[in-house]
Protein chains: 2
Amino acid sequence: MYPQLISHIGKYVQLTHDEEQLLCEYVELRQYKKKAYLLEAGKHCPGNFFTLKGVTRMYLINDDLNEQIVQFSIENWWIADYDSLLNKQPARYYIQALEPTEVLLLPDKNVEHLFDQIPKLERYFRIMMQRAYVASQRRIGFIYGMSDEERYRHFLKLNPEFVQRVPQYMLASYLGFTPQFMSRIRAKKV
Amino acid sequence: MYPQLISHIGKYVQLTHDEEQLLCEYVELRQYKKKAYLLEAGKHCPGNFFTLKGVTRMYLINDDLNEQIVQFSIENWWIADYDSLLNKQPARYYIQALEPTEVLLLPDKNVEHLFDQIPKLERYFRIMMQRAYVASQRRIGFIYGMSDEERYRHFLKLNPEFVQRVPQYMLASYLGFTPQFMSRIRAKKV
DNA sequence: CCTAAAAAATGAACCAGTTTAAGAAATTAA
DNA sequence: TTAATTTCTTAAACTGGTTCATTTTTTAGG
């Protein structure tokens, strides 16, 4: 049993004890060292990862051969290349552990069969997808509505823990500007 | 019965005739003149809109008091302020008809009861949310991976119909730059 | 069909953020 | 504990895209 997962799901839908049991048999515990890859571009995404402990980043290599981070995940977040899962195609993204990391993998294989057995899980994942979508829409709003500097300060205010856990140049990549520019902003802070 | 909706759903899940019937009783046909609002910021989003005919834009007013378009919808797309729906809070966005537009409203009220009666609908909307999320993630990738000019040309190539149907300054707003800059790009095309 | 209003185009001055380059500081591995 | 590597900082020159002001074209309605 994985109480951390069960309790997260419990915030959205009420599973019976049997359903919890069934789900926990279905998921798979995986551990990664720092810098290890949960997923590499070109491979098929094996399923949906729930972070128990640690931090990961999801990124792609863009046309200029730079790494562009699209998302981080920390404890109690789901992360996956949903494009790869939905359209059964090779992943575009890398997912990499930035600390020693422990995740639960919900394999995509037969997942619809699992959902047939536990329809409440389908609701749970509908809500997770909706939340992810809303977060992503908000991010687009921030990108267009704020200057890079405002967006940096805003991110800092909302996610102070984060800044301790990931190197600054990765934050710069996530926020869409250069480490040099970030350094300039930080120097200004006085 | 609304065959256009039923056939769209049919691409993802198989409903029985009774289920189709039940769903169609649940949705509500609405018609809007050009420039009419399906939703205004500050009000609660009444539910999920499925476009039968026409075009709408979804936008917010940013800190500089400019309209920032976050999304368009055309035939067979769902559109809503999912943040408002999910968190039962007033909408941040406006949704406005750009042509005479006909939509089906799936009211949010009791929608979970409807999903209990037709669990396959929950799967359908999970998939819709996942698709929307993927699209939104891709858009963030484009924003960071391409210059404004590249993004404009890329959008044109993928959505040629669109350019005929919406004024250019709205496209510029959606793509995140000024109408003046867009004009410059277009002039260059020779 | 004509006019007022809305949308699109143009040009010049300007600025937020990039690029390039070099060095300093902090981590990591051995 | 040192060498190697990764991360952070600083500064000057540069550029993609904005702003402001004006003109031209298109659209809608009486």
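All values derive from a computational prediction rather than experimental measurement. Below, chain A is the first sequence line, B the second, and so on; all start at residue 1.
Within residues 138-149 of chain B, no residue places a heavy atom under 4.0 Å from DNA chain C.
Judged purely by atom type and a 3.5 angstrom limit, A:E25 has no side-chain atom pairing as donor or acceptor with the backbone of A:L22.
Among the atoms of the strands shown, only primed sugar atoms or phosphate atoms (P, OP1, OP2) are found under 4.0 Å from some heavy atom of A:K34.
For the pair A:R151 and A:E149, the salt-bridge criterion is not met [side-chain N within less than 4.0 Å of a carboxylate O]. A salt bridge between A:R126 and B:E122 is present, with a side-chain N of the basic residue lying under 4.0 Å from a carboxylate O of the acidic one.
Remark: P of D:dT27 and CD of B:Q168 are 11 Å apart, rounded to the nearest angstrom.
A:K33 places none of its side-chain heavy atoms less than 4.5 Å from the side chain of A:P100.
Which of C:dG17, D:dT9, D:dT19 sits closest to the side chain of A:S183 comes down to D:dT9. Distances from the side chain of B:R184 to the nucleotides D:dG17, C:dA9, C:dA7 place D:dG17 closest.
For B:Q180 and D:dA21, the shortest distance from a side-chain N or O to OP1 or OP2 is not below 4.0 Å. Remark: A:T178 is in phosphate contact with C:dT18, judged by side-chain N or O atoms under 4.0 Å from OP1 or OP2.
Checked against the 6.0 Å centroid criterion, the rings of A:W77 and A:F50 do not qualify as a close aromatic pair.
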| Test salt bridge (charged side-chain N to carboxylate O under 4.0 Å, His left out) applied to B:E99 and B:R165, step by step | CA-CA 9 Å; B:E99 298 174 359; B:R165 290 178 80 175; 3.0 Å; yes
